[in-house]
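Numbers here simply count residues along the sequence, with the first being 1. Values below: all heavy atoms of this structure, side chains included; hydrogens, waters and symmetry mates excluded.
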Amino acid sequence: MNDTYDPVSETGEITFAGIGRLIKRSALRVVLYVLIGVLAASLIVLPVKMFVHTDPSVTARVEFVYSGIENGLDPFGTVFDKNQIKNNSVLTAAIAASGLESEIPVVADLREAIVITDVVSEEYQELKDLAASGNTEAQNQLLGYTYYPTRFDISVDYAALGLSRKETIGLLDNIIAAYRQYFTERYSNREAFTTQDFDLESDVEYVTYYIRYETYLLTINEYVESLTDIDSTYVASNGKSLAALRSMYTVLSEELNSFYRFILNDAVAKDKTTAAAEIGEIVQQLNDEKTAVDNEIASLKTQIENYKPNTTTSNPGNGLGSTIIMEYGDGYDELQRQLASANTRLSEITRRQSRYGRLETAFSDTGTPTDEALITEAEEKVTSLKSNCINYINTVNQTVTEYFAERYGANAVRTIQPPVYARGTMNVPLLYIYAAVVIVAIAAGLIVTHVKGKALEIRRRPKAAAQPADNADGDKDDA
């Protein structure tokens, strides 16, 4: 009779009787293993589901690319508000575009289901972590470090809205598209510049024309340059690209420089005392600006000198010396960028100081009136300058208006990660977990019973073999 734990018969076949004996002898062990497994799974899974569980969501990442966002400003120069991404008009348009009016009848419900998170650079996050751990150097760096994010994650909790993942992905796509349209319309800057600054009163001094024209044209050119850095290929219906506007400025600034030389060489003025006072005010203003920029540069240089890089040491062995690698992060690069910008502004201020200093010298003698012929020529030059400047402004306004309407939103608000589904940390039903635990426990109980049975059978075999041998020796002795 085969009363072992082995379900395999002596002929090598698996029999139902053998399987039945194995199950019968494993019953108590299987029950014990199942109970232990379910208890262990409960102790692990239930706290995880209770405390670590996060609702499923769909997330996209957007990046803002325009001058000022790196300083936390919107295109108008006021504080940038990321929550405008989920303002009422944007969400209403997105719901309509997605055809979800019946699923989301209240816009506030969608707003509450949206979370907008700043995306900070790895270098800045490491600096914050070091400072939080008590690192003095990191804390000191943070004191002079203001970080403004340019990237944001937009997450929509679809469980809270009762939507499917597919519906939420389409909805988030439409939210970004609606916000891009909102951004374009809000910051389109139609007729951004007025021609009134070139239409001065007839009794103003010629040097005043130069001062006003130079200042205003510089402002316009800086603005056009900022747009050209974003998109240099755009061409408006007037045939002008943003880069072509800069070329127009170059021609116009040369005409303005010619007017400057004309005023300087002969001290041309309607009233030299008034002209001298105007020049003196500009000289003082430039001196104040230079002092402020000098202080800014000194502060930036100090921050750069005190900036601590991340250092790592590699030792390849084999008698080779160690190598120290110094890595400077985004914060260091930002300080260098600010320093370069400050130096550029200082160079421009210094240039203007030189020009107005020469004018100040030229108008130091206010007793000699200007010849009438020179006055007539000056009037002709002012008329030409005014006409060309107004034409330039109109061309800039048309080009910029069309650019904002057609391209600016797409370039200034970019989707760098399309909507993707983020699964919750613990989203597996408990029933599945317990079923897996029971199956594993049953298999473990059967395997352990079988292995133990085989081991017991092996230990019995030497004793059984020894008994026939002893009986044979006894028979020989009797003989």
All N/O donor-acceptor pairs, side-chain side in residues 173-181, below 3.5 Å, sequence neighbours left out:
{"residue": "Asn174", "atom": "ND2", "partner": "Ser98", "partner atom": "OG", "Å": "2.7"}
{"residue": "Asn174", "atom": "ND2", "partner": "Gly170", "partner atom": "O", "Å": "3.1"}
{"residue": "Arg180", "atom": "NE", "partner": "Val413", "partner atom": "O", "Å": "2.9"}
{"residue": "Arg180", "atom": "NH2", "partner": "Val413", "partner atom": "O", "Å": "3.0"}
{"residue": "Arg180", "atom": "NH2", "partner": "Thr415", "partner atom": "OG1", "Å": "3.2"}
{"residue": "Gln181", "atom": "NE2", "partner": "Glu185", "partner atom": "OE2", "Å": "2.7"}

Practice task
Calculate, to the nearest 0.5 Å, the distance between atoms CD1 and CD belonging to Ile349 and Gln285 respectively.
Solution key: 9.5 Å

Problem - Heavy-atom side-chain proximity of Met248 to Thr399 below 4.5 angstrom - result: no

Handout entry: Gln338 CD to Asn343 CG distance, which is reported to the nearest 0.5 Å
Key = 12.0 Å

Practice task
For the residue pair Leu91 and Ile114, establish whether any side-chain heavy-atom pair is separated by less than 4.5 Å.
Solution key: yes

Exercise for the section: Would you check if Tyr213 and Cys389 make a side-chain contact, meaning some heavy-atom pair closer than 4.5 Å? Expected result: yes

Exercise for the section: Taking all heavy atoms of Ile116 and all of Ile85, pick out the closest pair and write down the distance. Expected result: CD1-CB, 3.8 Å

Exercise for the section: Give, for atom OG of Ser57 and atom CG of Leu161, the distance between the pair rounded to the nearest 0.5 Å. Expected result: 11.5 Å

Handout entry: Side-chain donor-acceptor contact under 3.5 Å, Tyr209 with Glu205
Key = no

Name every donor-acceptor pair, under 3.5 Å, that has one atom in a side chain of residues 104-113 and the other anywhere in the protein, sequence neighbours excluded.
{"residue": "Arg111", "atom": "NE", "partner": "Lys86", "partner atom": "O", "Å": "3.3"}

Exercise for the section: With the side chain counted from C-beta on, respond yes when Ser155 and Val58 share a heavy-atom pair under 4.5 Å apart, and no when they do not. Expected result: no

Problem - Any donor-acceptor N/O pair, Ser387 side chain to Thr383 backbone, under 3.5 Å - result: no

Handout entry: Heavy atoms of other groups near Lys82 NZ, more than 12 under 6.0 Å
Key = yes

Practice task
Check whether any side-chain N or O of Ser341 sits under 3.5 Å from a backbone N or O of Arg337 as a donor-acceptor pair, and report yes or no.
Solution key: no

Completion exercise
Closest non-hydrogen atoms of Ala378 and Val268, given as atom of the first, atom of the second and distance, are CB-CG1, 4.0 Å

Handout entry: Qualifying residue for ring-ring contact (aromatic ring centres under 6.0 Å, His included) with Tyr66, from Phe183, Tyr223, Phe404
Key = Phe183

Practice task
List in chain and number order the residues that pass side-chain hydrogen bond (donor to acceptor under 3.5 Å, both in side chains) with Lys290, two or more places apart in sequence or in another chain; answer none if no residue qualifies.
Solution key: Asp294

Practice task
Would you mind reporting whether Asn87 and Tyr182 have side-chain heavy atoms less than 4.5 Å apart?
Solution key: yes

Practice task
Dump the intermediate steps for salt bridge (Lys or Arg N to Asp or Glu O under 4.0 Å) on Arg351 and Glu214, then the final yes or no.
Solution key: CA-CA 13 Å; Arg351 181 192 69 81; Glu214 182 201 38; 3.4 Å; yes

Problem - Spatial distance of atom CD1 (Ile304) from atom CG (Leu339) [nearest 0.5 Å] - result: 4.5 Å

Practice task
Step by step, work out the side chain to side chain contact (heavy atoms under 4.5 Å, CB included) result for Ile211 and Val207.
Solution key: CA-CA 6 Å; Ile211 293 170; Val207 71; 4.3 Å; yes

Exercise for the section: Report yes or no: does Ser133 contribute a side-chain atom to a donor-acceptor pair with the main-chain N or O of Leu130 at less than 3.5 Å? Expected result: yes

Practice task
Inspect the surroundings of CD in Glu101 and state if more than 12 heavy atoms from other residues, nucleotides or ligands are less than 6.0 Å away.
Solution key: yes

Problem - Atom NZ of Lys386: over 12 foreign heavy atoms under 6.0 Å - result: yes

Completion exercise
Shortest non-hydrogen pair, Asn397 vs Phe193, comes out as ND2-O, 2.7 Å

Problem - Backbone N/O of Ser89 and side chain of Thr92: donor-acceptor pair under 3.5 Å - result: no

Handout entry: Pairing of Arg261 and Glu255 as salt bridge, 4.0 angstrom limit
Key = no

Problem - Ring-ring centroid check Tyr206 Phe262, cutoff 6.0 Å - result: no

Practice task
Could you tell me whether the side chain of Asn394 and the main chain of Ile390 form a donor-acceptor pair under 3.5 Å?
Solution key: yes

Handout entry: Side-chain donor/acceptor of Asn238 to backbone N/O of Lys240, under 3.5 Å
Key = yes

Handout entry: CG on Leu286 to OG1 on Thr350, rounded to 0.5 Å
Key = 9.5 Å

Exercise for the section: If a pair satisfies side-chain hydrogen bond (donor to acceptor under 3.5 Å, both in side chains) and one of its residues is in residues 263-273, list it, with sequence neighbours excluded. Expected result: Asp271-Thr274

Exercise for the section: Report the residues that fulfil salt bridge (Lys or Arg N to Asp or Glu O under 4.0 Å) with Glu70, sequence neighbours left out, ordered by chain and then residue number. Expected result: none

Completion exercise
dist Leu252:CG -> Ser247:OG (nearest 0.5 Å) comes out at 12.5 Å

Practice task
Give the intermediate values and the outcome of side chain to side chain contact (heavy atoms under 4.5 Å, CB included) for residues Val224 and Tyr249.
Solution key: CA-CA 10 Å; Val224 171; Tyr249 168 78; over 6 Å; no

Exercise for the section: Determine yes or no for a side-chain-to-main-chain donor-acceptor pair under 3.5 angstrom, with Glu402 supplying the side chain and Ser237 the backbone. Expected result: yes

Exercise for the section: Could you tell me how the ring of Phe152 sits relative to the ring of Phe64: parallel (under 30°), tilted (30 to 60°) or perpendicular (over 60°)? Expected result: perpendicular

Fill in the blank from the handout: Here the ring-ring contact (aromatic ring centres under 6.0 Å, His included) pairs for residues 334-363, sequence neighbours left out, are Tyr210-Tyr356

Exercise for the section: Would you please test Tyr392 and Ile220 for side chain to side chain contact (heavy atoms under 4.5 Å, CB included) and show each step? Expected result: CA-CA 10 Å; Tyr392 172 65; Ile220 297 171; 3.8 Å; yes

Handout entry: Tyr147 to Ser121 - nearest heavy-atom pair and separation
Key = OH-N, 3.1 Å

Practice task
Taking Ser364 for its side chain and Glu360 for its backbone only, find out whether a donor-acceptor pair lies under 3.5 Å.
Solution key: no

Problem - NZ/NE/NH1/NH2 to OD/OE distance under 4.0 Å, Glu348 and Arg345 - result: no

Exercise for the section: Answer yes or no: is there a donor N or O on one side and an acceptor on the other, between the side chain of Thr376 and the main chain of Glu372, under 3.5 Å? Expected result: yes

Problem - Backbone N/O of Ser253 and side chain of Asn257: donor-acceptor pair under 3.5 Å - result: yes

Practice task
For this output row, return yes or no: ring centroids of Tyr148 and Phe80 closer than 6.0 angstrom.
Solution key: no

Practice task
Report yes if the side chains of Arg358 and Tyr260 come closer than 4.5 Å at any heavy-atom pair, otherwise no.
Solution key: yes

Handout entry: 4.5 Å side-chain heavy-atom contact, Val62 and Arg414
Key = no

Handout entry: Arg151/Asp118 ion pair, N-O < 4.0 Å
Key = no

Fill in the blank from the handout: Heavy atoms of Ala362 and Ala267 approach each other most closely as O-CB, 3.7 Å

Problem - Least distance between heavy atoms, Ile297 atom then Ala342 atom - result: CG1-CB, 3.6 Å

Problem - Residues Tyr158, Leu172; criterion side chain to side chain contact (heavy atoms under 4.5 Å, CB included); working and verdict - result: CA-CA 10 Å; Tyr158 68 79; Leu172 185 49; over 6 Å; no

Exercise for the section: Please tell me if the side chains of Glu103 and Leu163 come closer than 4.5 Å, counting only heavy atoms from C-beta onward. Expected result: yes

